[in-house]
S.K.: 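This is the structure I want to talk about, given as structure tokens.
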Amino acid sequence: MSDVPAVKAALKSQAVETPSWAYGNSGTRFKVFAQPGVPRSPQEKLDDAAQVHAFTGVAPTVALHIPWDTVEDYGALTKYAEERGLKLGAINSNVFQDDDYKLGSVTHPDPAVRRKALGHLLECVDIMDATGSRDLKLWFSDGTNYPGQDDIAARQDRLAEALSAVYERLGEDQRMLLEYKFFEPAFYTTDVPDWGTAYAHCLKLGPRAQVCVDTGHHAPGTNIEFIVALLLRERKLGAFDFNSRFYADDDLMVGAADPFQLFRIMYEVVRGGGLTSGVAFMLDQCHNIEPKIPAIIRSVMNVQEATAKALLVDRDALATAQREGDVLGANAVLMDAYNTDVRPLLAEVREELGIAPDPMAAYRGSGWAARIVAERVGGEQAGWGA
């Protein structure tokens with residue numbers, strides 16, 4: 001059996017980074033449904049993030065998205081976060097919403113557009129310097145829609161050139177996290193379509209370039225835990241973007257579509273040392289029809305539950321069954337852990353952290369939801385249109 005005190009210690013030390021954009025109005029490409037009380041500024045996003053951390057105890061950092069979270073003084077924003085018990089996390093670039101990027105950003109055939117995109121990425125590193133952020137997260141919508149539209153190999157050359165320039169600009173304690181997505185918005189070729197492409201570029205760049213695995217960015221049936229295990233083995237897993245999807249989009253709450261998959265992923269993380277190796281556990285979700293703060297709290301709880309179950313796997317019994325070729329016995333060890341109700345254990349962990357055992361109930365009783373609806377009147381709500 002697992003060492004329960006050790007399991008509790010691991011759960012207390014786990015940190016889940018929440019995304020600033022999840023607190024604003026966001027949704028599908030078809031429609032964004034505005035909600036009352038949504039933040040009007042990066043500071044109000046941090047106010048909401050502080051509530052998530054207060055009720056879960058394990059969400060101390062907030063990822064920023066530039067230019068959605070642009071401010072004049074990033075030092076002041078950092079201090080604002082610290083005053084609320086938070087730190088600023090990954091800086092996410094945006095080279096996909098400008099008209100100039102219709103045919104790509106860093107892989108665009110026009111050198112002027114490529115210079116513009118690279119300038120933004122380097123600006124994001126400047127922001128990292130000001131906020132003390134460790135991670136720069138890069139996602140590119142670059143690709144083509146039709147055969148012959150552009151030179152596939154040349155676009156990889158352009159991508160490599162841009163990544164190299166950004167990598168050279170990073171500080172010694174900073175990392176580049178390269179995300180991938182196998183399609184959308186490009187439908188014929190995507191320039192970073194899979195973990196192998198991201199891994200190949202990161203391998204060439206060096207140790208401070210690592211892969212970000214977005215759990216919604218895979219073809220149906222993909223064995224994501226295999227990817228996780230391999231990247232951990234190669235010391236190239238830098239981060240997760242946790243979310244969930246039933247078909248082709250990826251912005252549902254993590255664990256919503258397949259909680260068993262999330263457990264399998266977290267088991268490979270635990271087995272491969274990912275809980276203690278600097279892997280960043282980030283949410284990347286949009287909450288279009290559900291209340292935003294409770295949805296983020298629930299998402300953090302879902303990650304915690306999957307992690308707790310993964311930590312409870314009897315690894316000695318599993319190894320014995322595997323050595324003996326006991327197929328059903330090995331599977332049963334995993335299933336026993338997965339079928340364990342870890343909610344009482346997590347309630348104990350939260351009480352030992354000095355917070356309420358039921359974060360959702362505690363938030364509902366806090367009055368924060370009614371307060372922000374009453375106070376956040378006027379101004380322009382944060383978010384992006386569709």
S.K.: Does the distance from a Lys or Arg side-chain N to an Asp or Glu carboxylate O, for Asp135 and Lys137, drop under 4.0 Å?
M.R.: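 Looking at Lys137 together with Asp135, the answer is no, because their closest N to O distance does not fall below 4.0 Å.
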S.K.: Taking transitive links into account, so neighbours of neighbours count too, which hydrophobic residues share a cluster with Met282 at under 4.5 Å side-chain distance?
M.R.: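 Hydrophobic cluster check, Met282: joined to Leu177.
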S.K.: Kindly compute the distance separating CD (Gln51) from CH2 (Trp368), expressed to the nearest 0.5 Å.
M.R.: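 Between Gln51 CD and Trp368 CH2, I get 4.5 Å after rounding to 0.5 Å.
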S.K.: Report the distance from atom CZ of Arg350 to atom CZ of Phe55, rounding to the nearest 0.5 Å.
M.R.: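 Taking CZ in Arg350 and CZ in Phe55, the distance rounds to 12.5 Å.
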S.K.: Can a salt bridge be assigned to the pair Lys181 and Asp214 using a cut-off of 4.0 Å between side-chain N and carboxylate O?
M.R.: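 So Lys181 does not pair with Asp214 through a salt bridge.
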S.K.: With rounding to the nearest 0.5 Å, note down the distance linking OG1 in Thr215 to CG in Asp250.
M.R.: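 One gets 8.0 Å once the value is rounded to the nearest 0.5 Å.
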S.K.: Quick one: pull up SG in Cys212 and CG in Leu138 and give me the separation to the nearest 0.5 Å.
M.R.: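 Rounded to the nearest 0.5 Å, the SG-CG separation comes to 10.0 Å.
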S.K.: Between Asp100 and Lys116, does any side-chain N to carboxylate O distance fall below 4.0 Å?
M.R.: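 Salt bridge flag = yes for Lys116 with Asp100.
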S.K.: Sequence neighbours excluded, which residues qualify as salt bridge (charged side-chain N to carboxylate O under 4.0 Å, His left out) partners of Arg155?
M.R.: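 Residues passing salt bridge (charged side-chain N to carboxylate O under 4.0 Å, His left out) with Arg155: Asp150, Asp191.
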S.K.: For the ring pair Tyr101 and Phe96, is the centre-to-centre distance below 6.0 Å?
M.R.: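 Judged by ring-centre distance (under 6.0 Å), Tyr101 and Phe96 do not meet the cut-off.
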S.K.: Hey, which of Asp241, Leu275, Val300, Thr307 is the one that makes side-chain contact (heavy atoms from CB on, under 4.5 Å) with Phe281?
M.R.: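 Filter result, single survivor: Leu275.
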S.K.: Under 4.5 Å side-chain heavy-atom separation, chaining through any Ile, Leu, Val, Met, Phe, Trp or Tyr, what else clusters with Phe33? Say none if it is isolated.
M.R.: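 ILVMFWY cluster around Phe33 also holds Ile289.
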S.K.: Measure the spacing between CG of Asp326 and OG1 of Thr320 and express it to the nearest 0.5 Å.
M.R.: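 Between Asp326 CG and Thr320 OG1, I get 10.0 Å after rounding to 0.5 Å.
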S.K.: Could you check whether any side-chain N or O of Arg208 sits under 3.5 Å from a backbone N or O of Asp173, counting only pairs where one atom can act as donor and the other as acceptor?
M.R.: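 Such a contact is absent between Arg208 side chain and Asp173 backbone.
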S.K.: Given the ring of Phe260, does Arg264 sit roughly above its face, with NZ or CZ under 6.0 Å from the centre of the six-membered ring and within 45° of the axis?
M.R.: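 Here Arg264 passes the 6.0 Å and 45° test against Phe260.
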S.K.: Looking at NE2 of His53 and NZ of Lys87, how far apart are the two atoms once the value is rounded to the nearest 0.5 Å?
M.R.: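 One gets 10.5 Å once the value is rounded to the nearest 0.5 Å.
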S.K.: Does Asp129 come within less than 4.0 Å of Arg169, counting only side-chain N to carboxylate O?
M.R.: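 Salt bridge: yes.
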S.K.: Between Glu380 and Arg40, does at least one N-O distance fall below 4.0 Å, as a salt bridge requires?
M.R.: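 Answer for the salt bridge query: no.
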S.K.: Ring centroids only, cut at 6.0 angstrom: are His201 and Tyr167 within range, meaning strictly under it?
M.R.: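 No, they do not, as the ring centres are separated by 6.0 Å or more.
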S.K.: Can you list, pair by pair, the side-chain donor-acceptor contacts under 3.5 Å of residues 57-71, counting residues two or more places apart and other chains?
M.R.:
residue	atom	partner	partner atom	Å
Thr61	OG1	Glu17	OE1	2.9
Trp68	NE1	Gln97	OE1	2.9
Asp69	OD1	Lys45	NZ	2.6
Asp69	OD2	Ser20	OG	2.5
Asp69	OD2	His65	N	2.8
Thr70	OG1	Pro67	O	3.0

S.K.: Does atom CD of Glu234 have more than 12 heavy-atom neighbours, drawn from other residues, nucleotides or ligands, at distances under 6.0 Å?
M.R.: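 It does: Glu234 CD has more than 12 such atoms within range.
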S.K.: May I ask you to list the residues sharing a hydrophobic cluster with Tyr188, side-chain cutoff 4.5 Å, ordered by chain and number?
M.R.: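 None, because no other hydrophobic side chain comes under 4.5 Å of this residue.
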S.K.: Can you list everything that forms a side-chain contact (heavy atoms from CB on, under 4.5 Å) with Ala295? Sequence neighbours excluded, please.
M.R.: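 Partners of Ala295 under the side-chain contact (heavy atoms from CB on, under 4.5 Å) test: Met253, His287, Glu290.
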